[in-house]
Amino acid sequence: MQIRNWNLDKDYDTLVKWWNDWKFGVVPKECLPPDGIIVESEGNPICAGGLYIGIGTQFAFMEWIVTDKNADKRQIHKALKLCIDNLVELAKSKGMKLIYTATKERELHKRYTKYHDFVLAETNVHTFLRDLDGKYSKDLLWISDDEQNDNRNK
């Protein structure tokens, strides 16, 4: 497997396809971090994730971990490990001391603690978003859970 930095101009269409396949909603391109990793096998992307770097701090936020839903399950497992490990190394190389991440996906919960030495920090959290220019609040599927999406659609 090969690991490379993502190029949002080149890789965004692949990310959109994967998010749609998983029914996650689509993260606006301009809201993605410039730093991210793509894991490929024989030139075919399998997994991706992004890393927001806190400029002026030593704090990073790992987000948007996603896989090709149609890839081989064993390859997905290996690709996820490589992707997350490489995002951690990327954060270290940029002088970060902490990486924060959040997910509602149970399999990622297990993976973070079992394979990547993350510590569960919060279990009952409400997240909030403020759309500063009104451009992004029309479709919040990409950042909301099912309950909140259902409430907005009533």
Side-chain angles (χ1 to χ4, degrees), residues 1-55 58-122 125 127 129 131 135-150:
M1 289 192 171
Q2 304 81 40
I3 297 101
R4 64 174 173 80
N5 292 331
W6 70 14
N7 175 331
L8 291 176
D9 291 330
K10 177 184 164 191
D11 296 315
Y12 187 69
D13 289 343
T14 299
L15 297 173
V16 168
K17 180 186 179 320
W18 292 350
W19 291 324
N20 284 329
D21 288 348
W22 287 105
K23 296 180 175 43
F24 286 159
V26 175
V27 181
K29 183 178 179 181
E30 59 274 15
C31 294
L32 291 170
D35 292 308
I37 298 290
I38 298 280
V39 179
E40 299 176 330
S41 178
E42 298 178 8
N44 297 314
I46 297 173
C47 178
L51 187 69
Y52 294 93
I53 300 296
I55 305 300
Q58 295 179 328
F59 186 85
F61 182 62
M62 182 176 70
E63 185 60 295
W64 316 123
I65 305 297
V66 66
T67 64
D68 178 352
K69 190 175 186 176
N70 300 311
D72 177 79
K73 301 297 183 219
R74 289 172 300 216
Q75 280 195 322
I76 289 173
H77 176 74
K78 290 178 188 174
L80 276 166
K81 175 128 179 38
L82 285 169
C83 183
I84 295 165
D85 284 347
N86 277 270
L87 288 167
V88 168
E89 289 306 311
L90 178 61
K92 286 180 186 178
S93 76
K94 293 186 174 271
M96 300 297 107
K97 301 295 183 192
L98 294 169
I99 297 178
Y100 182 84
T101 192
T103 184
K104 65 181 180 181
E105 301 301 324
R106 288 269 181 236
E107 291 305 313
L108 282 177
H109 291 188
K110 291 183 216 173
R111 173 171 292 283
Y112 289 153
T113 56
K114 184 175 181 179
Y115 299 113
H116 302 286
D117 297 323
F118 280 79
V119 175
L120 180 62
E122 303 171 281
V125 175
T127 62
L129 178 73
D131 184 348
K135 183 177 178 182
Y136 301 101
S137 58
K138 292 174 187 70
D139 176 15
L140 295 177
L141 180 64
W142 61 277
I143 198 146
S144 300
D145 63 21
D146 293 339
E147 180 182 358
Q148 298 312 311
N149 283 318
D150 290 346

- Message: With side-chain contact (heavy atoms from CB on, under 4.5 Å) as the criterion, how do Leu90 and Ile53 come out once you've worked through the C-alpha distance, each side chain's angles and the decisive distance to 0.1 Å?
- Response: CA-CA 10 Å; Leu90 178 61; Ile53 300 296; 5.8 Å; no
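- With a 6.0 Å radius and a threshold of 12 heavy atoms from other residues, nucleotides or ligands, Asp117 has its CG atom at or below the threshold.
- In this structure, SG in Cys83 is found 8.0 Å from CE in Met62, a value given to the nearest 0.5 Å.
- When side chains are defined from C-beta on, Asp9 counts as touching Lys29, because their heavy atoms get closer than 4.5 Å.
- Taking the side chain as every heavy atom from C-beta outward, Ile46 and Ile76 approach each other to under 4.5 Å.
- With contacts defined as side-chain heavy-atom distances shorter than 4.5 Å, the pair Asp85/His116 qualifies.
- Using a cutoff of 4.0 Å between basic side-chain nitrogens and carboxylate oxygens, Asp13 and Lys17 are not scored as salt-bridged.
- With sequence neighbours left out, the side chain to side chain donor-acceptor pair (under 3.5 Å) criterion links Lys10 to no other residue.
- No hydrogens or angles considered: nothing links the side chains of Arg74 and His77 as a donor-acceptor pair under 3.5 Å.
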- Begin with the C-alpha distance, continue with both residues' side-chain angles, and end with the deciding distance and a verdict on side-chain contact (heavy atoms from CB on, under 4.5 Å) for Val39 and Lys78. CA-CA 9 Å; Val39 179; Lys78 290 178 188 174; over 6 Å; no
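- To the nearest 0.5 Å, atoms CZ (Phe24) and CG (Leu15) are separated by 12.0 Å.
- Rounded to the nearest 0.5 angstrom, Phe59 CZ and Lys97 NZ are separated by 14.5 Å.
- In this structure, OG1 in Thr101 is found 10.0 Å from CH2 in Trp64, a value given to the nearest 0.5 Å.
- To the nearest 0.5 angstrom, Phe118 atom CZ is 12.5 Å from His109 atom NE2.
- By the side chain to side chain donor-acceptor pair (under 3.5 Å) test, Tyr112 is found to be paired with no residue, residues two or more places apart in sequence or in another chain being considered.
- Listed here is the closest heavy atom pair of Asp35 and Trp6: C-NE1, 3.5 Å.
- Taking every heavy atom of both residues into account, Ile65 and Gly49 meet most closely at CD1-CA, 3.7 Å.
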- Query: Is there a side-chain contact (heavy atoms from CB on, under 4.5 Å) between Val27 and Tyr12 once you walk through the steps?
  - Reply: CA-CA 10 Å; Val27 181; Tyr12 187 69; 5.6 Å; no
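- Put simply, the residue from Leu87, Asn86, Ile37 that forms a side-chain contact (heavy atoms from CB on, under 4.5 Å) with Leu51 is Leu87.
- Rounding to the nearest 0.5 angstrom, the gap separating the CG atom in Asn7 from the CD1 atom in Ile38 is 9.0 Å.
- Each side-chain hydrogen bond (donor to acceptor under 3.5 Å, both in side chains) pair with one or both residues in residues 37-47, not counting sequence neighbours, appears once here: Arg4-Glu40, Ser41-Gln75.
- The shortest side-chain heavy-atom distance between Glu107 and Leu80 does not fall under the 4.5 Å cut-off.
- Nearest heavy-atom pair across Tyr52 and Glu63 is CE1-CB, 4.0 Å.
- Within the 4.5 Å cutoff, side-chain heavy atoms of Trp22 are placed close to those of Thr67.
- The nearest pair of heavy atoms linking Pro45 to Thr14 is CB-CG2, 4.2 Å.
- The nearest pair of heavy atoms linking Met96 to Ala60 is CG-CB, 3.8 Å.
- Residues Phe61 and Ala102 share a closest heavy-atom pair of CE1-N, 4.2 Å.
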